[in-house]
Amino acid sequence: MPIFGTDGVRGLANGSLTADLALSLAQATAVVLGQGRTADARRAAGKRLTAVVARDPRVSGEFLTAAVSAGLASSGVDVFDAGVLPTPATAFLIADIDAAFGVMVSASHNPAPDNGIKIFARGGVKLPDVVEQRIEAAIDAPKLQPTGGAVGRIRRFADAEDRYVVHLLGSLPNRLDGLHVVLDCAHGAASGVSPETFADAGAKVTVIGADPDGLNINEGVGSTHLGALQAEVVRLGADLGIAHDGDADRCLAVDANGAVVDGDQIMAILAVAMKDRGHLANDTLVATVMSNLGLHRAMTEHGIRVEQTAVGDRYVLERMNEGGYSLGGEQSGHVIMSEFATTGDGLLTGLHLAAEMARQGKSLAELASIMTVYPQVLVNVTDVDRSRVGDPVVSQAVVDAERVLGDSGRVLLRASGTEALVRVMVEAASEDDARAHADALASVVATRLAL
């Protein structure tokens, strides 16, 4: 079985994800990413390979980070240990100090017992599938085993957080003075750096979910549990709330009335603002097939084209890189602003969203009204043969539903990549219509594709 999933290596810490695996993975990474013309040139110039390592605050990150650092140092790589920082900070720092690569130990929005290892190449970019496959193959191959002064050193990256904060503040088109922001840090990697950055940008800041103890990450807080943030924003009469996930590569928002502003709405606001400033490359936004129909309609009204990709921020990134686009993301809150980041950055997104409120002097609800959110119903049909999702009867049922919905709706069938499951998604002008069509299609799928 491949050890890399859709976003690095992830599993139960000390279950499938052990210290031994973390050590071996780091050693294999040193072999694969320590090769090439750039690495050879560095060695010829007497320079050592360097790597940035960081983690979120879950307790297992301590031993897994130690194992990763040991594996790299034993392979002759100097490790800059950045401590607890968001995933996008790690990606930024790799590019900022021109490290050969970097490793983030985090399981993102997963509960505390899980953990993961994300590897970034030079420049802070995610690895393509072929490189992940090479690293997997290298786990069982001979390792680099330098001795004496050739072994790597492990040192504290003392100004890592300061570098990241300065970078974020430097990206802003204007300050946030006059805004009251409630930040939910999910007891995660943003707990220290996000409040500091928003305050430095001029906002009045109230913080919840910023007391990590290693075990409470994402527990009832953060972008997957918005209730506490909604209640606090309304109670305090704040202007907006920003919710991160455990490693802070996501951002969802809450307006002054407690209404959720999701990734699609955030992208719509940022896309129009960037187009107005001439910063939206090719007047194009990259989004996944799950993005709401309302986003497409809003972008059309503002002369912005939407490029669609498969679900997953890695596919969004690939398309952005291919086309040279400057904004993309997912409904879940992974938003990528390629002018300033190589991956989704929840702090960057939240700061720029707040900056647009401050610039226009408008509430978040007013800005979000740029897009009408169409009701979206998702039904997971289990115990079916996902390989036959193109069955002619199923396909005809989709065509029939699309004909009835016309321009006021959308149908999407997606086979799971790992399970005996097909996802049926329907958008329509009303919740009742969306539910009726979704249930009817799910019934056809269940009958025709039954195992």
Side-chain angles (χ1 to χ4, degrees), residues 108-109 181-186 190 209 218 221-234 238-274 285-299 302 304 306 308-309 311-313 315-316 327-337 344-354 356-357 362-378 409-410 412 414 423 425-429 431 434:
S108 189
H109 59 281
V181 182
V182 181
L183 298 175
D184 182 347
C185 300
N218 301 312
V221 289
S223 60
T224 53
H225 302 90
L226 292 170
L229 178 62
Q230 292 171 291
E232 192 70 355
V233 168
V234 172
D239 295 296
L240 77 157
I242 296 293
H244 302 304
D245 60 339
D247 69 338
D249 63 352
R250 293 189 193 190
C251 168
L252 293 179
V254 170
D255 70 20
N257 300 312
V260 174
V261 177
D262 68 12
D264 283 344
Q265 294 165 289
I266 292 171
M267 287 192 292
I269 294 166
L270 295 181
V272 173
M274 290 171 64
L285 169 68
V286 181
T288 76
V289 293
M290 290 300 291
S291 279
N292 196 272
L293 177 61
L295 175 64
H296 293 264
R297 293 197 161 186
M299 294 300 91
H302 287 84
I304 295 171
V306 178
Q308 283 189 296
T309 74
V311 175
D313 64 325
Y315 302 113
V316 174
L327 182 66
E330 296 186 284
Q331 196 177 59
S332 60
H334 283 118
V335 177
I336 303 155
M337 304 178 72
D345 189 330
L347 277 72
L348 181 73
T349 303
L351 286 163
H352 279 257
L353 180 64
E356 191 59 19
M357 291 175 62
K362 292 183 178 180
S363 70
L364 182 54
E366 288 177 293
L367 292 181
S369 68
I370 193 174
M371 170 185 157
T372 299
V373 179
Y374 280 68
Q376 191 176 76
V377 172
L378 180 66
R410 188 166 68 104
L412 178 67
R414 289 179 54 236
R423 295 180 174 88
M425 189 275 286
V426 177
E427 290 171 343
E431 180 83 22

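Worth knowing before you read on, the calculation uses all heavy atoms, side chains too, and leaves out hydrogens, waters and symmetry mates. Each residue takes its place number in the sequence, starting with 1.
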> Taking it one step at a time, do Gln376 and Met425 satisfy side-chain contact (heavy atoms from CB on, under 4.5 Å)?
Replying inline: CA-CA 7 Å; Gln376 191 176 76; Met425 189 275 286; 3.5 Å; yes
> How far apart are the C-alpha atoms of Val261 and Ile266, what are their side-chain angles, what is the distance that settles it, and do they pass the side-chain contact (heavy atoms from CB on, under 4.5 Å) test?
Replying inline: CA-CA 7 Å; Val261 177; Ile266 292 171; 4.0 Å; yes
> Can you list the steps and then say if His109 with Ser332 is a side-chain contact (heavy atoms from CB on, under 4.5 Å)?
Replying inline: CA-CA 11 Å; His109 59 281; Ser332 60; over 6 Å; no
>> What verdict does the side-chain contact (heavy atoms from CB on, under 4.5 Å) test give for Thr372 and Leu293, after you've listed the backbone C-alpha separation in whole Å, the side-chain angles of each residue and the deciding distance to 0.1 Å?
In response: CA-CA 9 Å; Thr372 299; Leu293 177 61; over 6 Å; no
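Two residues are said to be in side-chain contact when any heavy atoms from C-beta on lie closer than 4.5 Å; Met267 and Leu285 meet this criterion. Looking at heavy atoms from C-beta onward, Asp184 lies out of side-chain contact with Leu226 at the 4.5 angstrom threshold. Counting heavy atoms from C-beta outward, Leu327 and Met337 have side chains that approach closer than 4.5 Å. Residues Val311 and Val289 form a side-chain contact, since some pair of their non-hydrogen atoms from C-beta on lies under 4.5 Å apart. Leu378 places a side-chain heavy atom less than 4.5 Å from the side chain of Arg423. Residues Val254 and Val234 are not in side-chain contact: their nearest non-hydrogen atoms beyond the backbone lie 4.5 Å or more apart. Counting heavy atoms from C-beta outward, Val286 and Ile336 have side chains that stay 4.5 Å or more apart. At a threshold of 4.5 Å between non-hydrogen side-chain atoms, the residues Ile370 and Gln265 do not count as touching.
The distance from atom CZ of Arg410 to atom OG of Ser291, rounded to the nearest 0.5 Å, is 7.5 Å. In this structure, the separation between OG on Ser108 and CG on Asn218 is 7.5 Å, given to the nearest 0.5 Å. Here the CD1-SG distance, from Ile242 to Cys185, works out to 10.5 Å after rounding to the nearest 0.5 Å. Rounding to the nearest 0.5 Å places CG of Asn257 at 11.0 Å from CD of Gln230. Here Lys362 contributes atom NZ and Asp239 contributes atom CG; the two are 15.5 Å apart, rounded to the nearest 0.5 Å. A distance of 11.0 Å separates NE2 of His352 from CG of Leu347, quoted to the nearest 0.5 Å.
Scanning all heavy atoms of the two residues, the minimum distance from Gly222 to Ala186 falls at CA-CB, 3.6 Å. Scanning both residues, Ala238 and Ala256, for their nearest heavy atoms gives O-CB, 3.5 Å. Scanning all heavy atoms of the two residues, the minimum distance from Ala268 to Leu295 falls at CB-CD1, 3.8 Å. Residue Ala253 comes nearest to Leu353 through the heavy atom pair CB-CD2, 3.7 Å, listed as atom of the first residue, atom of the second, then distance. Taking both residues in full, the closest heavy atoms of Val377 and Ala434 are given as CG2-CB, 3.7 Å, listed atom of the first, atom of the second, then distance. In plain terms, the two heavy atoms of Cys251 and Gly346 that are nearest each other are CB-O, 3.5 Å.
Within the structure, the salt bridge (Lys or Arg N to Asp or Glu O under 4.0 Å) test picks out the following pairs touching residues 250-268 (sequence neighbours left out): Asp245-Arg250.
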